[in-house]
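Comments concern the structure below.
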Amino acid sequence: MDFPSDDKSMDHEFFNVVLGAMPIAYVRPVITDKGKHYAVCTADGTQLAIFPTQDAAYFAAKQHELEPMLIH
């Protein structure tokens with residue numbers, strides 16, 4: 001197995017190969033103009049969606065066949 005040779009963030013395919021799992025999504029708190037919400041982000045940090053609760057973000061990721069990881 002080849003590993004990335006630079007210090008840049010690992011790409012989505014690399015995570016899938018190494019972990020042998022579904023694509024990963026990160027659920028993390030974000031502050032919006034309406035208060036604290038939760039963002040679903042890809043492994044490279046791209047924000048996919050924002051939800052009012054952590055549970056809503058977690059289950060939305062699962063519904064889209066992503067493996068959510070909670071970040072505090």
Quiz: residues 45-59 side-chain donor-acceptor pairs under 3.5 angstrom, not counting sequence neighbours:
| from | atom 1 | to | atom 2 | distance (Å) |
| --- | --- | --- | --- | --- |
| T46 | OG1 | D44 | OD1 | 2.8 |
| T53 | OG1 | A56 | N | 3.0 |

Problem - Other ILVMFWY residues reachable from I31 by side-chain steps of under 4.5 Å - result: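 Members alongside I31: none; it stands by itself.
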Practice task
Report whether I24 and I71 are members of the same hydrophobic cluster (ILVMFWY, side-chain heavy atoms less than 4.5 Å apart, transitive linking).
Solution key: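 Yes, same cluster.
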Exercise for the section: Could you tell me whether the side chain of E65 reaches within less than 4.5 Å of the side chain of P23, counting heavy atoms only? Expected result: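 Counting from C-beta outward, P23 and E65 never come under 4.5 Å.
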Handout entry: Atom pair CG (L70) and OH (Y26), whose distance is rounded to the nearest 0.5 Å
Key =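 Nearest 0.5 Å value for the CG-OH distance: 11.5 Å.
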